[in-house]
Amino acid sequence: MKVLFFIITGKENPERFSLALTIAARSAMNKRYDDLKVIFYGPGEEYLTYISGFDLENFNYLLKNGHVDSACVNYASSKNIKEQLTNLGLNLQPTGERLAYFVNQDYEVISF
């Protein structure tokens, strides 16, 4: 099974954001799925500019191991955070297109 973690939760619920990163990272580490990808969108991508500690470790693990697909270029532009996100190593793409791509490739979408 292939899964896509669609993380839209941000600073309004930091615990939920942290749980999303933790389950995604642990699932990847333990190879629970045939493939695992992560898209950050909206408040979720904005909150990435503030994370530290264990959340940052989980994010870096996912990024380093090819599990992070992208964050939304349009949202990043509207919030003026494109440079911060690209400095984190994120690929910025239109989320609607990326989400459709994964759905059309039979990924199960898990949203947080």
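Note that the structure is a prediction, hence the values are computed from the model and not measured.
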Engineer: With rounding to the nearest 0.5 angstrom, report the OG to CZ distance, Ser18 to Phe54.
Structural biologist: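 Those atoms lie 7.5 Å apart.
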Engineer: Testing Ile7, Ile8, Thr9 for side-chain contact (heavy atoms from CB on, under 4.5 Å) with Arg16, which one passes?
Structural biologist: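 Testing each of Ile7, Ile8, Thr9 against Arg16, the sole residue satisfying side-chain contact (heavy atoms from CB on, under 4.5 Å) is Thr9.
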Engineer: With a 3.5 Å distance limit and no angle check, can you tell me whether Lys2 reaches the backbone of Gln105 through a side-chain donor-acceptor pair?
Structural biologist: yes
Engineer: Grab the two heavy atoms, one from Leu21 and one from Ile51, that are nearest each other, plus how far apart they are.
Structural biologist: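 Looking at all heavy atoms of both residues, the closest pair is CD1-CD1, 4.4 Å.
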Engineer: Which pairs pass side chain to side chain donor-acceptor pair (under 3.5 Å) with one or both residues in residues 35-45, sequence neighbours excluded?
Structural biologist: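 Those involving residues 35-45 are Asp35-Tyr107.
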Engineer: Can you list the residues that meet the salt bridge (charged side-chain N to carboxylate O under 4.0 Å, His left out) rule with Asp55, with sequence neighbours excluded?
Structural biologist: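 Salt bridge (charged side-chain N to carboxylate O under 4.0 Å, His left out) check on Asp55 returns nothing, list empty.
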Engineer: Roughly how far, to the nearest 0.5 Å, is CG of Asn87 from CD1 of Ile81?
Structural biologist: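 Atom-to-atom, Ile81:CD1 and Asn87:CG are 12.0 Å apart.
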Engineer: Quick one: does Glu15's side chain have a donor or acceptor within less than 3.5 Å of a partner on Asn13's backbone?
Structural biologist: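 No; zero donor-acceptor contacts below 3.5 Å.
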Engineer: Using atom types as modelled and distance alone, determine if a side-chain donor or acceptor of Asp34 lies under 3.5 Å from a backbone N or O of Met1.
Structural biologist: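 Side chain of Asp34 to backbone of Met1: a pair is present.
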Engineer: Quick check for you: to the nearest 0.5 Å, what is the distance between Ile39 atom CD1 and Leu4 atom CG?
Structural biologist: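 Rounded to the nearest 0.5 Å, the CD1-CG separation comes out at 4.5 Å.
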Engineer: When you measure from the side chain of Ser78 to the backbone of Tyr75, do you find a donor-acceptor pair of N or O atoms at a distance under 3.5 Å?
Structural biologist: yes
Engineer: Between atom OH of Tyr101 and atom CG of Asp69, what is the distance when rounded to the nearest 0.5 Å?
Structural biologist: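 Reported value, rounded in 0.5 Å steps: 8.5 Å.
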Engineer: Only counting residues at least two apart or in another chain, list the ones meeting ring pair (Phe, Tyr, Trp, His ring centres under 6.0 Å) with Tyr61.
Structural biologist: none
Engineer: Got a second to check how far Phe5's CZ is from Tyr33's OH, nearest 0.5 Å?
Structural biologist: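 Output value for this atom pair is 5.0 Å.
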